[in-house]
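The structure appears below as structure tokens.
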Amino acid sequence: MSLRRRALRRCAAVLAALLAAPAAHAALQLELQPSGLDAAEQVAAAQVMTAAPDLLPAGWQARFHAPVPVRWSDQLPDGVHGRARAGTITLQRALLSDVHPGQPLPRALQAALIHELTHVLDRAADGGWSSTSRWRDLAGWQQRPWRMGRGSNAFSARSPDAYERYSPAEFLAVNAEHYLLDPDYACRRPALAAWFAEHIGHRDTPTPPCDARLPLVQAGEISGQASLMELDPSRVYAVEYLLAEGNDALMSRWGHSMLRLVICAPGRPRGPACRMDLAHHRVLSFRAFVSDVQISSWAGLTGAYPSRLFVLPLNQVINEYTQVELRGLSSIPLALRDEEIAALLERVAQVHWSYNGSYRFISNNCAVETGKLLQEGVPRLGEEGLNRITPRGLLSRLQRQGVADTSVLDDRPEATRQGYYFPSAEAHYQQLFEVVQAELAVPAADVTAWLQLPAAQRAVWGEQGGLRATSAMLLLEQAARNREELRARSGLKRALSDPRGGVDAAHAALLALLDDAGQLVSPASLLPAGGYGVPVGEERAAAEVATAQLSARGVSGWSALQLELRERLPRAQQEELRIIEDSLERLGERMRRLARD
């Protein structure tokens, strides 16, 4: 007998033994379709049939109610390892070349089997998970305001496989691979891991514990400053809907939607007293990240700007709106249970590291983005939908659902005292002006007229008032500086964006700083390719180092650029700022002198 015939007989004997072996879990039965396979490939395929059921947890296997035929083909497109059609799985024949006796199945083959078996389960009568609203919310097919249906999947950063965004069904199958094969999947995508465990079945193998803290890149209170914070959900006492009042600007007339995280100071027991730890509170704010030097209304309408989730200190947000933009802030408590707060924060981390949407002032603005975040993080809020295109519309929907308690704003003085309302500084400035007006016959009827006077005219009165009037004028002059700096920034933006000015060193430096800022507000770019979801282990350390490096460069860079750009202001504007700063110095000195006397 030839060697070749003896080898074939041995192969046939091994094949017969493998095919005769009982399945480890009778509920999942794979039927080999050997057509087109030579004897050696049939042996390898039979080994796959024996090992494949162990890839699925027992709970998953129990869901199969009929045998699953498995065939092998070399007609699948390049890069496609398998397909599932009408309950039959077809796998790439070339995968059999890496199957060896006594060794585990190759990772690519394991993934292909899990992927296609998940499709079979999803398409069964008791499946259909990929078509549910909850799955599509979690997977990233977000609801669209105004229109029926959902938009495309914009969770493109930190993805394990771009193919997952092809459809909700493919997202289910791709993530089933990683849920069952990656030990750290539950740490990278905790909400999806919990969904798999609840709806299809738990993993049979244990997973390592996860760090409960959530990494978020947060801005600092100095231009260009940022750091990686480790947010412990157990330190978050409450979540509040933070609403900035509107003004006359095109992009601000409807107000602005944000979420306030009431975070307890270290050592503070979790409770109502944490509301006073303002320095530790953070604000989640969806904004258009503008990577050029001038914002365009048309670009905002057409979605040319990326939509980013900014993590900001509350004190910075209060100053930005109440002191600079003269807009009040309402902070309305949301009735969320502790486990809902934790789930919402998990969604925040996923959005922070993976979301790459487009900001549209009308159809995908701060209200729309905040509503999507709330209903995706807290499922019960999505039952009636939170698709509203204005901040007040979203607040009204939250009120109707019994989630937002606006009664805290009924008594404004008490709301201000307890930190539920932060009034615009405009009324405060008027009160300060009335203090000045009571002592001095200044040439202005109200604070608006006073601040519109040239700085030189205001300076004349700086040496004439008593302690109260001098203190009031000092604060008003600080407001005047804020207004003048806003005007200066607006003018510089126009000048730097003028193509007739060319690209000089200042313009190039600004673009470089904006590029760094883009990495900070899209933190996935801080990490090397290969990981997915929320960073774990060494990835977090790498993100912390990268953030610190960009922050160090940004603080010094913005400071130097501000000095250089100030010299480019028109001479009259430079002189106005010089007089204001001189007045501030003289008013401060006079106030100290009067206090000593």
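These numbers come from the heavy atoms of this one structure, side chains and all, not from hydrogens, waters or symmetry mates. It should be emphasised that the depicted structure is a prediction, and the values quoted were computed from it without experimental measurement.
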Indicate whether any N or O donor in one side chain lies under 3.5 Å from an N or O acceptor in the other, for E164 and N175.
yes
CD/E339: more than 12 non-hydrogen atoms of other groups inside 6.0 Å:
yes
Answer yes or no: is there an ion pair linking R270 with D338, defined by an N-O contact shorter than 4.0 Å?
yes
In sequence, state the C-alpha distance, the side-chain angles, and the governing distance for L309 and L216, and then conclude on side-chain contact (heavy atoms from CB on, under 4.5 Å).
CA-CA 10 Å; L309 178 59; L216 300 172; over 6 Å; no
Regarding E539 and R158, does a basic nitrogen lie under 4.0 Å from an acidic carboxylate oxygen?
yes
Let me confirm one number: the CZ-CG distance from R327 to L243, rounded to the nearest 0.5 Å.
9.0 Å
Look at R189 together with D182 and state whether they make a salt bridge at an N to O cut-off of under 4.0 Å.
no
Side-chain donor-acceptor contact under 3.5 Å, Q142 with E376
yes
Check this for me, if you would: do R592 and E589 make a salt bridge, where the nitrogen-to-carboxylate-oxygen distance has to be below 4.0 angstrom?
yes
Heavy-atom distance under 4.5 Å between the side chains of V239 and V262, does that happen here?
no
Polar contact flag, side-chain donor to acceptor under 3.5 angstrom, Q218-S227
yes
Heavy-atom check, side chain of S257 versus side chain of F286, under 4.5 Å
no
Check the orientation of Y185 and Y532. Use parallel for under 30°, tilted for 30 to 60°, and perpendicular for over 60°.
tilted
Going by atom types only, do Y355 and Q350 share a side-chain donor-acceptor pair under 3.5 Å?
no
A side-chain contact here means heavy atoms from C-beta on lying under 4.5 Å apart; do L231 and L345 qualify?
yes
Does one side chain, of E414 or Q418, offer a donor that lies under 3.5 Å from an acceptor on the other?
yes
Taking the six-membered ring of Y421 (Phe, Tyr or Trp), confirm whether the NZ or CZ of R412 is under 6.0 Å from its centre and within 45° of its axis.
yes
Determine whether the side chains of Y429 and Q323 contain a donor N or O and an acceptor N or O closer than 3.5 Å.
yes
Distance-only polar pair, side chains of S331 and R260, donor-acceptor under 3.5 Å:
yes
Will you find, in the side chains of Q225 and S551, an N or O donor that is under 3.5 Å from an N or O acceptor?
no
Measure the shortest side-chain to side-chain distance between C274 and I263 over non-hydrogen atoms and say whether it is less than 4.5 angstrom.
no
Can you check whether I341 reaches P233 side chain to side chain, under 4.5 Å on heavy atoms?
no
Nearest 0.5 Å, please: how far is CZ in R397 from CG in L394?
9.5 Å
Pi-cation contact, Y420 with R275 (under 6.0 Å, within 45°)
yes
With a 4.5 Å cut-off on side-chain heavy atoms, are L242 and L314 touching?
yes
Are the side chains of P266 and R235 in contact, using a 4.5 Å heavy-atom criterion?
no
Show the numbers, then the answer: is there a salt bridge (Lys or Arg N to Asp or Glu O under 4.0 Å) between R134 and E198?
CA-CA 13 Å; R134 180 57 183 157; E198 178 183 355; over 6 Å; no
What do you reckon, are the aromatic ring centroids of H202 and F196 less than 6.0 Å apart?
no
Please evaluate residues E340 and R380 with respect to the criterion salt bridge (Lys or Arg N to Asp or Glu O under 4.0 Å), reporting the C-alpha separation (whole Å), side-chain torsions for both, the decisive distance (0.1 Å), and the verdict.
CA-CA 10 Å; E340 290 177 331; R380 68 180 172 93; 2.5 Å; yes
Please step through side-chain contact (heavy atoms from CB on, under 4.5 Å) for the pair V311 and V283, ending with a clear verdict.
CA-CA 6 Å; V311 182; V283 172; over 6 Å; no
Step through the shown structure and confirm whether more than 12 heavy atoms of other residues, nucleotides or ligands are within 6.0 Å of CZ on R540.
yes
Given D161, L192, L138, the one that forms side-chain contact (heavy atoms from CB on, under 4.5 Å) with F171:
L192
Other residues, nucleotides, ligands: >12 heavy atoms within 6.0 Å of E320 CD:
yes
Student check: side-chain heavy atoms of L214 and E230 closer than 4.5 Å
no
Nearest 0.5 Å, please: how far is CG in L474 from CD in E585?
11.5 Å
Answer with yes or no whether the side chains of T390 and R392 bring together a donor and an acceptor at under 3.5 Å.
no
